[in-house]
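Reviewing the structure listed below.
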Amino acid sequence: MSGESTQHIDPQHIGIIMDGNGRWAKQRGHSRPRGHKEGAKATRRAIDACQELGVRYLTLYAFSAENWNRPDFEVKALMELLELFLARETKTLIKRRIRLHAIGRIEELPASANKALRKAIDATAEFDDWHLVLALNYSSRNEVLDAARSFAKSVAAGEIDPDKTDWDGFAQHLYTAGLPDPDLIIRTSGETRVSNFLLMQSAYAEFYFTETLWPDFDKSHLEKAIASYRNRERRFGKTGEQIATPSQA
Ligand code: FPP
């Protein structure tokens, strides 16, 4: 949300680009949807692990705006998996007091997936300690476009003075309004791209790349990523000395 967040020893918000489902399936002679099914199991493990490790916010890149370009059978399988995930996991989210959010052009999802998503979001709306954010039909560039449109409408309505708006004011128009910026972004499967994920929000995030394919990712991998994060010095533009002795900042 803001350009400079508070320094936490452990990440309070982790974003994950869950990659490698297709390769996991191929290595085993399975279909790509089977890889996604195993990926969904890893997703459940990641949600559990975050709560066990005290990570309050988890954002998962579950379906990018570009993923519509995949073969029809794969898109269909991913949407079915999303509905199945919501049907199975909503009870667990409620039990664990985890609030569900969705970011992306949600209204463009198939009607049944959209409905299931809204239902799960409403059912968990009262919780505030733990947050699961699903990025669906998500693209950072679309997010900036949508935010600019929303901002322009507020200016036209006389609600905002554009000359007096700072980043925090503009960020209120992003899908992630009200959520803290990610501290740590993890990408699995050995790829080292950002792929249009949380580009604005990751301005000060640390990145962690692992060769592990997403269906193989478990709590031990998350612990390794957090351990790596702990060894980093986040400066937010300041010097190392200023960070070491905040009184001189
Ligand atoms: C990237 O792997 C993964 C995706 C495009 C989809 C992510 C979906 C899941 C992990 C499962 C479902 C999650 C929820 C929340 C229902 P890839 O297919 O690009 O892998 P590849 O690069 O090896 O081909």
Side-chain angles (χ1 to χ4, degrees), residues 14-51 57-93 96 98-106 108-110 112-121 123-124 130-140 175 185-198 209-219 221-222 225:
I14 295 181
I16 308 185
I17 303 173
M18 309 181 287
D19 199 5
N21 295 347
R23 274 161 285 168
W24 184 95
K26 196 172 177 196
Q27 283 170 7
R28 289 160 180 79
H30 297 318
S31 67
R32 293 181 60 82
R34 173 72 198 281
H36 295 313
K37 202 172 158 194
E38 287 301 313
K41 290 184 193 166
T43 300
R44 276 179 223 122
R45 284 198 298 270
I47 297 167
D48 289 351
C50 277
Q51 209 169 28
Y57 293 82
L58 172 65
T59 298
L60 299 172
Y61 205 2
F63 192 86
S64 76
E66 292 76 22
N67 285 153
W68 295 113
N69 297 321
R70 293 195 171 198
D72 286 351
F73 77 93
E74 186 171 344
V75 170
K76 195 166 170 271
L78 280 165
M79 289 301 140
E80 283 171 4
L81 202 54
L82 172 64
E83 284 191 50
L84 197 65
F85 175 86
L86 293 168
R88 285 197 185 148
E89 296 307 307
T90 303
K91 261 192 211 146
T92 313
L93 296 179
R96 304 214 176 136
I98 301 173
R99 181 169 177 181
L100 181 69
H101 308 255
I103 56 172
R105 290 184 176 165
I106 305 306
E108 292 174 2
L109 292 175
S112 54
N114 194 344
K115 198 173 157 196
L117 195 59
R118 300 270 167 212
K119 206 171 146 197
I121 289 171
T124 60
W130 306 96
H131 299 262
L132 171 66
V133 186
L134 294 182
L136 292 161
N137 190 20
Y138 178 85
S139 140
S140 267
Y175 305 143
I185 305 260
I186 298 171
R187 183 169 189 151
T188 56
S189 88
E191 306 295 346
T192 49
R193 294 182 291 277
V194 183
S195 299
N196 217 352
F197 181 57
L198 299 181
F209 299 103
T210 169
E211 295 290 327
T212 306
L213 302 176
W214 179 248
D216 293 326
F217 194 89
D218 63 21
K219 188 178 173 186
H221 300 102
L222 190 68

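When a residue number appears, it is its place in the shown sequence, counting from 1. Quick caveat, the model's predicted, so the values are computed rather than measured. In listed order, ligands and their atoms are each counted from 1.
- Of the heavy atoms in Trp214, only side-chain atoms (C-beta onward) come closer than 4.0 Å to ligand 1.
- In terms of protein heavy-atom proximity, atom 11 (C) of ligand 1 is nearest to His36 O, 3.5 Å.
- Glu191 pairs by the salt bridge (Lys or Arg N to Asp or Glu O under 4.0 Å) definition with Arg23, Arg193, not counting sequence neighbours.
- Checking only distances, Asn21 does come within under 3.5 Å of ligand 1, N or O to N or O.
- The number of heavy atoms from other shown groups lying within 6.0 Å of NZ (Lys219) is above 12.
- Among protein heavy atoms, atom 13 (C) of ligand 1 sits closest to Thr43 OG1, 4.0 Å.
- For atom 12 (C) of ligand 1, the closest non-hydrogen atom on the protein side is Leu81 CD2, 3.9 Å.
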(request) Let me see the working for Leu134 and Leu100 under side chain to side chain contact (heavy atoms under 4.5 Å, CB included), right down to the final yes or no. (result) CA-CA 8 Å; Leu134 294 182; Leu100 181 69; 4.0 Å; yes
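- Judged by distance alone, the side chain of Arg45 and the main-chain N or O of Pro215 form a donor-acceptor pair under 3.5 Å.
- The closest heavy-atom contact to atom 18 (O) of ligand 1, among the options Met18, Arg23, Arg70, comes from Arg70.
- Using a 4.0 Å cutoff on heavy atoms, Ser189 does not count as a contact of ligand 1.
- With sequence neighbours left out, Arg96 forms a side-chain contact (heavy atoms from CB on, under 4.5 Å) with Asp48, Gln51, Thr92, Ile98.
- Considering backbone and side-chain atoms alike, Gly20 places an N or O below 3.5 Å from some N or O of ligand 1.
- Only side-chain heavy atoms of Asn67 come within less than 4.0 Å of ligand 1; its backbone N, CA, C and O stay farther off.
- When each of Thr212, Asp216, Asp19, Thr188 is tested with Trp24 by the rule side-chain hydrogen bond (donor to acceptor under 3.5 Å, both in side chains), just one qualifies, namely Asp216.
- Tyr175 and Tyr138 have perpendicular rings, their planes meeting at more than 60° on a 0 to 90° scale where under 30° would count as parallel.
- For atom 6 (C) of ligand 1, the nearest protein heavy atom (residue, atom name, distance) is Ala62 O, 3.4 Å.
- For ligand 1, the atoms lying closer than 4.0 Å to a non-hydrogen atom of Leu82 are 16 (C).
- Residue contact check for ligand 1: Arg32 places a non-hydrogen atom closer than 4.0 Å to it.
- Interface atoms of ligand 1 facing Phe85, defined by a heavy-atom separation under 4.0 Å, are 16 (C).
- Below 4.0 Å from some heavy atom of Asp19 lie the following atoms of ligand 1, by number and element: 1 (C), 2 (O), 17 (P), 19 (O), 20 (O), 21 (P), 22 (O).
- Ligand 1 has no atom lying under 4.0 Å from any heavy atom of Leu60.
- Taking the six-membered ring where tryptophan is involved, the planes of Phe63 and Trp68 are perpendicular, since the angle between them exceeds 60° and thus also 30°.
- Among the atoms of Tyr61, none of the N or O lies under 3.5 angstrom from an N or O of ligand 1.
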(message) Before you tell me yes or no, could you show the steps for Leu222 and Ile186 under side chain to side chain contact (heavy atoms under 4.5 Å, CB included), namely the whole-Å CA-CA distance, both residues' side-chain angles and the distance that decides it to 0.1 Å?
(response) CA-CA 9 Å; Leu222 190 68; Ile186 298 171; 3.8 Å; yes
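- Considering backbone and side-chain atoms together, Gly22 places an N or O closer than 3.5 Å to an N or O of ligand 1.
- Listed for the Ser140 side chain is a donor-acceptor partner under 3.5 Å among the backbone atoms of Leu198.
- Without hydrogens or angle criteria, Thr90 side chain to Ala120 main chain gives no donor-acceptor distance under 3.5 Å.
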